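The structure displayed is predicted, hence computed values, not measured ones. Worth knowing before you read on, the calculation uses all heavy atoms, side chains too, and leaves out hydrogens, waters and symmetry mates. Chain A is the first sequence line, chain B the second, and so forth, proteins listed ahead of strands; every chain is numbered from 1.
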Number of protein chains: 2
Amino acid sequence: MQDIKKRRSTGQITLFDVAKHAGVGAMTVSRALRTPERVSDKLRQKIQLSVQTLGYKPNVAASLLASASDNQVIAVVTDQIYDNSTHILLNTLQIQLAKQGYTTLIIEACHYYHRESQLLETLYNHNLKAIVLFYINNDALINQVIDNKAVPIINIGQQIDELDNAHIGLDDSLAMYVLTEHVIKKGYRHIGLLCANQQYQLFQQRLHGWHKAMLAYHLPTHRIINAAKPANFTTGSELLPDMLLNWPELDALICTTDELACGVLYECQRRHIRVPYQLAVSGFGNNEFSQVSFPTLTTVALPSKQIGQYTAAMLLNRLNKQLECAKPDLSTLVPVIQSRASL
Amino acid sequence: MQDIKKRRSTGQITLFDVAKHAGVGAMTVSRALRTPERVSDKLRQKIQLSVQTLGYKPNVAASLLASASDNQVIAVVTDQIYDNSTHILLNTLQIQLAKQGYTTLIIEACHYYHRESQLLETLYNHNLKAIVLFYINNDALINQVIDNKAVPIINIGQQIDELDNAHIGLDDSLAMYVLTEHVIKKGYRHIGLLCANQQYQLFQQRLHGWHKAMLAYHLPTHRIINAAKPANFTTGSELLPDMLLNWPELDALICTTDELACGVLYECQRRHIRVPYQLAVSGFGNNEFSQVSFPTLTTVALPSKQIGQYTAAMLLNRLNKQLECAKPDLSTLVPVIQSRASL
DNA sequence: ATTAACTTTGATAGCGCTATCACATTTCTA
DNA sequence: TAGAAATGTGATAGCGCTATCAAAGTTAAT
């Protein structure tokens, strides 16, 4: 057994302590913890017991330094967790990556006004293995990420020229187009759009989808309120009067989120507007409450789960070239309309 | 200058490379980066130039290992970022901590269903300096955090016995007691309780607060449904019929979350039950939608904004061991009832 | 000029762990 | 049965950085 040299003694319980306690070499302890199958059952059990007894906690800094191996951390940076489908997407992504041993840090950049660079610096310093940009439109942040050539990037949402080969475009525009077409085919002609959080590209896309569909069917595209307010229930309630005032002929109202739509539904009740007879309403996102609201809410959603899986596959593919990743069938990534009572 | 020994060469640009390039010792480079004031202007500038030229990035693992110093990372783990005020609150906390050189990772545990332990393991492995539990009611997660004695904890939200000395906020039981008392004083006598997610201690406490108040006023405490379902809109809608069937005399219904309560409101509309005349309803949490629902929802909430403001001070206090920190004025930390149309 | 005090710099020796290889042990092949 | 192959184990030597202290340089005071 190797001699245990004099040590600065930080008070920490080290591998050597465990090795001494178990009467084995330090290397064997290291193996017992990292690659148990390469250690005999007898020693492994003895070592496990010593680890338990001494309460040994590995020092990851030392491990990283010695093995020069990367950390198994992937960061997802997003502007904000907007809605239900986003939540599902990220959750799916996280679960898929976890299956391969990665830990995903989902970080909302909006909590870090003007400090995103510090945040990224910290993440980079911890050797994160990849970074996923999710609907990020903060140029400073994007540039910083691009400048760091060492870390693979996946960009979801808006197109960024430098990241063209690592781009996943979630077609919210298409989903909204399909929904609007659905509304039109139901016979509605005076269709308005209620959009909040207009600064976010995600919502700009939804707006654009509505616009495109209305143009395609030669319907007027001016019945639109595009507010900088948060896309929540309150805003939906607050903005409905403006819509009705400006366009009394409105027979259908499409909202860019389910929250807005449910806020509208509440306001309709207060004003004794019968939905869908006097005004049809639809949302976007298929949130949990949309199936029990009164009336229940017609909504559309992208197949977030599949997109999450697709993203995970793409990411794992880039990280681990030899790993066989089943590529999801892109043709299944189509928006799904939930047709309910409100429309 | 020391001799540069043979190195395994991981391809990384090291301090030694910078030192050689700048014609100084490695230690001087280390100082120039970590404690610039201890290096002469001339050398510091020369070193800075070399760092730029070579694109040197420090290896945090090595730094941590050598200095045995902690990382300057604080994690805030929250169940969900509910609304704008919570968002501002966390952002403020983050900025306060950043002023002291800490980087705050705000992490929503809801993205990590059943994988919170892996998440925390990763965080611990990076020697995070402290952990803030923000309205966490996941017992497994809480226990894991408590088990790790090494990392200071601040617990915001529900009372956890083991974290008594690091707790900010109020007993949810008290808030529910106050709310129930409010309902009783309004004249209601047949008051039921609707609780979901019964496995969470948070909801047990709310249930207990109702129970205590009912006993105190000599009212029957059997009108209660305590389900293991999620505390969402759908569950509220689904459970209302059971309540009405079992206790037709019910004149008020307290729900342990606003989501449940709004689900109940939806079901009342479907059944043409007039709120609050036939049945009064109240929630818990003062969620965003409660102020615009139809009817608007009476609810109770803890003063999360103040709680958040105190957190930064308390946390810095614990980390810096400065005892003269301004102690939070506990008298302001009382539950606030939002009295609205539903009751 | 000389001593004392302070400032600046660098060689050394690890921090706790793992890659590597040598050696010991067991199992398999001919 | 000898020899080859596979398996298990441990001593050594760093990973890239910083604590430490000694040495050199600088300034202040006698």
### Message
Quick one: does any side-chain atom of A:Asn143 pair with a main-chain N or O of A:Asp139 as donor and acceptor, under 3.5 Å?
### Response
yes
## Note on the structure
Looking only at C:dT18, D:dG16, D:dG10, the nucleotide nearest the B:Thr14 side chain is D:dG16
### N/O (side chain, A:Ser30) to phosphate O (OP1/OP2, C:dC17) under 4.0 Å
no
### Task
Using atom CD1 of A:Ile47 as one end and atom C1' of D:dG8 as the other, report the distance to the nearest whole Å.
11 Å
### Query
Rounded to whole angstrom units, what separation is found between the CZ atom of A:Phe16 and the P atom of D:dT9?
18 Å
### Query
In whole Å, what is the span from the CE atom of B:Met27 to the P atom of C:dG14?
16 Å
### Query
What integer distance in Å separates B:Leu43:CG from C:dT9:P?
4 Å
### Query
If you check every side-chain atom of A:Leu15, which of C:dT18, C:dG16, C:dT9 has the closest atom?
C:dT18
### Query
Just wondering, do A:Tyr135 and A:Thr86 contact through their side chains at under 4.5 Å, heavy atoms?
no
### Message
Can you see if the side chain of B:Ser40 gets near the phosphate of C:dT8 - specifically, an N or O under 4.0 Å from OP1 or OP2?
### Response
no
### Message
Please determine whether a side-chain nitrogen or oxygen atom of B:Arg38 lies at a distance below 4.0 Å from atom OP1 or OP2 of C:dT8.
### Response
no
### Query
Using a cut-off of less than 4.0 Å, is there contact between a side-chain N or O of B:Thr28 and OP1 or OP2 of C:dG10?
yes
### Query
Between B:Val29 and A:Arg31, which is nearer to the 5' end of DNA chain C once each is assigned its nearest nucleotide?
B:Val29
### Spacing of A:Asn59 atom CG relative to D:dG16 atom P, expressed in whole Å
16 Å
### Task
Rounded off to whole Å, could you give me the CG-to-P distance for the B:Leu33 and D:dA19 pair?
13 Å
### Summary
Looking only at D:dG16, D:dA19, C:dT18, the nucleotide nearest the B:Gln12 side chain is D:dG16
### Query
How far apart are the C-alpha atoms of A:Leu15 and A:Tyr56, what are their side-chain angles, what is the distance that settles it, and do they pass the side chain to side chain contact (heavy atoms under 4.5 Å, CB included) test?
CA-CA 8 Å; A:Leu15 265 187; A:Tyr56 168 74; 3.5 Å; yes
### Message
What is the separation between atom OH on A:Tyr56 and atom P on C:dG16, rounded to the nearest whole Å?
### Response
10 Å
### Query
For the pair made of CG in B:Asp41 and P in C:dT7, what is the distance, rounded to whole Å?
15 Å
#### Entry: Chi angles and distances behind the side chain to side chain contact (heavy atoms under 4.5 Å, CB included) call for B:Leu316, B:Leu97
CA-CA 8 Å; B:Leu316 291 170; B:Leu97 296 177; 3.8 Å; yes
### Message
Is there a side-chain contact between A:Thr104 and A:Leu90 in this structure, where contact means two heavy atoms from C-beta onward sitting under 4.5 Å apart?
### Response
no
